[in-house]
Amino acid sequence: MKTAVHGKGGIGKSTTSRNTPVASARRGKRVSQTGCDPKHDSTPTLTGSPTPTITDTLQSKDYHYEDARPEDVTHEGYGGVGRVEAGGPPAGAGCGGYAVGETAKSPKESNALHEYDIIPSDVLGDVACGGFASPLNHADYRTTITDNGFDASPATNRTAASVREKARMHPLRSAGPIGNRTLKRDLIDKFVEACPTPVSEAPPPTEHIRVSRVKGKTSSEMVESQPHPNYVCDSHPDTADQALSQPEGIAPKEVSDRESSSSLSDSHSNPIRSEGGGNDQENLLDPAKMIR
Ligand code: ADP
Ligand code: MG
């Protein structure tokens, strides 16, 4: 099962993409996490060190794709999760999208991923065209990471449009957005009202997850390395279970930019005061609620 993960920058795509596979691997699945971002920062927390990129490998083989062996492309990480990083040209040179489009072919040509059950591709931002959309050409599902902020829904809307477009060529479905780093859902719900789609939950803003990134570990590994772990995150295993259930998914129908912007703007200007807070600051997690 191949899933392409998109969403606006900094929303938690890489965090969700690398913690969820660990949970899937613990359920006996063979998973390989593929980073499709030229800055190759998707997989380091699976080993604490950078993964050699496909771009580096191809360069060393003078771009003879046929010479790349599976072990040149996939590297094992924490919990047995495979790590692949597309890489890309140096900053300010070349085209990252082109590099992702080209390197996306390499795992297939070198037969590097055939043994895996689940292959999430963590793609840069919400750029859903050109090479950055190429993982969609191979995917069964698209997932968009979102939050309850004003700027996330236009990105989710755009990615919905790209699924609709790509689904004309092959059976791609949207598994719906995953709400990360949020305790509230009013703006997400507003979007879903206009563009019906199932929504799953990722962790709320969680100090443990922030620190795990800084320490170069997955959230699960960090829990294990604490002598007296006081925090267990259920959200990533829940997200893994939802993916493993192979949801039917939907072919979304995006809303117009004008409709999306005006409904969110109304909602943001007149927030519904729900229990748990009415603005982004109040979304910050009360640590007492997370200690179990
Ligand atoms: P993206 O890949 O979408 O650009 P990242 O996954 O790199 O975003 O996340 C951006 C930052 O937010 C990282 O420092 C990460 O540790 C932090 N982060 C993501 N999700 C959470 C969360 N649920 N709680 C706390 N911090 C988070
Ligand atoms: Mg990322």
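In listed order, ligands and their atoms are each counted from 1. These numbers were taken from a predicted model, which means no experiment stands behind them.
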Q) Does an N or O anywhere in I11 fall below 3.5 Å from an N or O of ligand 1? A) yes
Q) In terms of side-chain heavy atoms, does T159 have a donor or acceptor partner in T144 at a distance below 3.5 Å? A) yes
Q) Considering S212, G35, P204, which one's heavy-atom position lies nearest to atom 23 (N) of ligand 1? A) P204
Q) Among R181, K13, R213, H6, whose heavy atom sits nearest atom 17 (C) of ligand 1? A) R181
Q: Give the atoms of ligand 1, by number and element, whose distance to some non-hydrogen atom of P205 is under 4.0 Å.
A: 24 (N)
Q: Would you sort out whether N148 and T182 count as a side-chain hydrogen bond (donor to acceptor under 3.5 Å, both in side chains), showing the intermediate values?
A: CA-CA 6 Å; N148 200 47; T182 182; 4.5 Å; no
(Q) Exactly one of T43, T74, T47 should register a side-chain hydrogen bond (donor to acceptor under 3.5 Å, both in side chains) with R83. Which one does? (A) T47
Q) Should you measure from each heavy atom of T15, which atoms of ligand 1 turn up under 4.0 Å away? A) 5 (P), 6 (O), 9 (O), 15 (C), 19 (C), 20 (N)
Q.
Looking only at protein heavy atoms, which one is nearest to atom 8 (O) of ligand 1, and what is the separation?
A. G12 N, 3.2 Å
Q. So, S162 and R142: side-chain donor and acceptor under 3.5 Å apart, yes or no?
A. yes
Q: Quick one: look up the protein heavy atom nearest atom 25 (C) of ligand 1 and list residue, atom name and how far away it is.
A: T206 O, 3.1 Å
Q: Sort out for me which residue in R27, R26, K29 forms a salt bridge (charged side-chain N to carboxylate O under 4.0 Å, His left out) with D241.
A: R27
Q: Could you establish whether P203 and ligand 1 come within less than 4.0 Å of each other, counting only heavy atoms on the residue side?
A: yes
Q.
Is there a side-chain contact between F132 and P38 in this structure, where contact means two heavy atoms from C-beta onward sitting under 4.5 Å apart?
A. yes
Q) Is the Mg ion (ligand 2) under 2.8 Å from any N, O or S atom of S14? A) yes
**Q.** Contact (N/O only, under 3.5 Å) between S14 and ligand 1
**A.** yes
Q. To which protein heavy atom is atom 4 (O) of ligand 1 closest, and what is the distance rounded to 0.1 Å?
A. G10 N, 2.8 Å
Q. Under 3.5 Å, side chain of Y141 to main-chain N/O of P247, donor-acceptor pair present?
A. yes
Q. When you measure from the side chain of T34 to the backbone N and O of S121, does any donor-acceptor pair fall under 3.5 Å?
A. no
Q) So is there a nitrogen or oxygen of N180 less than 3.5 Å from a nitrogen or oxygen in ligand 1? A) yes
